[in-house]
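Values below: every heavy atom of this structure, side chains too, minus hydrogens, waters and symmetry copies. Note that the coordinates shown come from a computational prediction; the quantities given were computed from them, not determined experimentally.
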Amino acid sequence: MIVVKATIVVKEGARDEVIALSKNCITETRKESGCIAYESFVATENDNTIVIVEEWTDIEALNAHMKTAHFMAFGESAKGFMAKPLEAKIFDAKEFKK
């Protein structure tokens with residue numbers, strides 16, 4: 001399983017706009033083949049930080065996602081609201097079972 005933690009730091013006052021812009025991307029991404037989970041959160045320590053946590057079956061599914069129209073449209077539309085470039089960390093993970 002591939003896990004992605006993407007962090008978006010937005011300009012002061014732009015959080016709600018970016019969240020609104022992300023809704024279509026989130027809805028469409030959840031329909032994609034290979035998408036296990038796709039969630040977004042506002043960081044507790046900074047109201048201007050949005051964290052997206054993604055789970056994918058494999059790297060091919062993630063790579064296909066990054067080429068979709070809805071992903072590219074969100075990235076382009078949110079770019080002007082970002083205080084700094086998006087930071088993404090990608091992990092190859094195994095589920096831990098007790």
Side-chain angles (χ1 to χ4, degrees):
M1 171 174 45
I2 302 299
V3 176
V4 179
K5 178 188 173 227
T7 304
I8 303 170
V9 179
V10 299
K11 295 174 184 174
E12 189 69 37
R15 183 195 67 206
D16 292 342
E17 182 74 23
V18 173
I19 290 171
L21 289 170
S22 73
K23 289 186 187 253
N24 181 62
C25 183
I26 292 169
T27 299
E28 293 304 312
T29 297
R30 288 177 177 161
K31 297 175 188 176
E32 289 179 47
S33 176
C35 180
I36 299 168
Y38 199 90
E39 303 291 338
S40 68
F41 308 91
V42 174
T44 57
E45 71 279 357
N46 182 343
D47 284 347
N48 293 322
T49 300
I50 300 166
V51 178
I52 300 171
V53 179
E54 311 170 31
E55 294 178 32
W56 297 92
T57 54
D58 51 42
I59 194 68
E60 292 79 15
L62 173 59
N63 287 337
H65 162 66
M66 292 190 294
K67 295 175 184 173
T68 61
H70 54 269
F71 176 79
M72 292 189 295
F74 170 67
E76 192 60 36
S77 62
K79 193 183 299 184
F81 296 102
M82 293 184 188
K84 60 183 187 178
L86 178 138
E87 177 185 310
K89 295 182 180 179
I90 302 172
F91 305 91
D92 188 358
K94 283 187 186 178
E95 184 176 356
F96 178 74
K97 295 183 181 184
K98 291 183 180 183

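- Among all heavy-atom pairs drawn from Gly34 and Ala61, the shortest one is CA-CB, 3.8 Å.
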Practice task
Starting from the C-alpha separation in whole Å, work towards a yes-or-no answer on side chain to side chain contact (heavy atoms under 4.5 Å, CB included) for Glu28 and Thr68.
Solution key: CA-CA 9 Å; Glu28 293 304 312; Thr68 61; over 6 Å; no
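- Linking ILVMFWY side-chain heavy atoms closer than 4.5 Å, directly or via other members, places Met82 and Met72 in a single hydrophobic cluster.
- Exactly one of Glu17, Arg15, Lys11 qualifies for a side-chain contact (heavy atoms from CB on, under 4.5 Å) with Phe81. That residue is Glu17.
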| request: Could you walk me through whether Asp92 and Ile2 pass the side chain to side chain contact (heavy atoms under 4.5 Å, CB included) test, one step at a time? | output: CA-CA 5 Å; Asp92 188 358; Ile2 302 299; 4.1 Å; yes
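- When every heavy atom of Ser77 is checked against every heavy atom of Leu21, the shortest pair comes out as O-CD1, 3.8 Å.
- Atom CG of residue Leu86 and atom CD1 of residue Ile52 lie 7.0 Å apart, to the nearest 0.5 angstrom.
- The line from CD of Glu32 to NE2 of His70 is 3.5 Å long, rounded to the nearest 0.5 Å.
- Glu12 contributes atom CD, which lies 4.5 Å from atom CG of Asn48 (distance to the nearest 0.5 angstrom).
- Here CZ of Phe91 is found 7.5 Å from NZ of Lys5. Values are rounded to the nearest 0.5 Å.
- A perpendicular orientation is assigned to the rings of Tyr38 and His65, their planes being inclined by more than 60° (bins at 30° and 60°).
- Residues Lys23 and Ile26 have side chains not in contact (no heavy-atom distance under 4.5 Å, counting atoms from C-beta outward).
- In this structure, Ile8 CD1 and Ser22 OG are separated by 7.5 Å, a value rounded to the nearest 0.5 Å.
- Checked for salt-bridge contact, Glu54 and Arg30 miss the test: no charged N lies under 4.0 Å from a carboxylate O.
- Across every non-hydrogen atom of Ile50 and Ile19, the tightest pair is CD1-CG1, 3.9 Å.
- The ring-ring contact (aromatic ring centres under 6.0 Å, His included) check on Phe74 picks up nothing, with sequence neighbours excluded.
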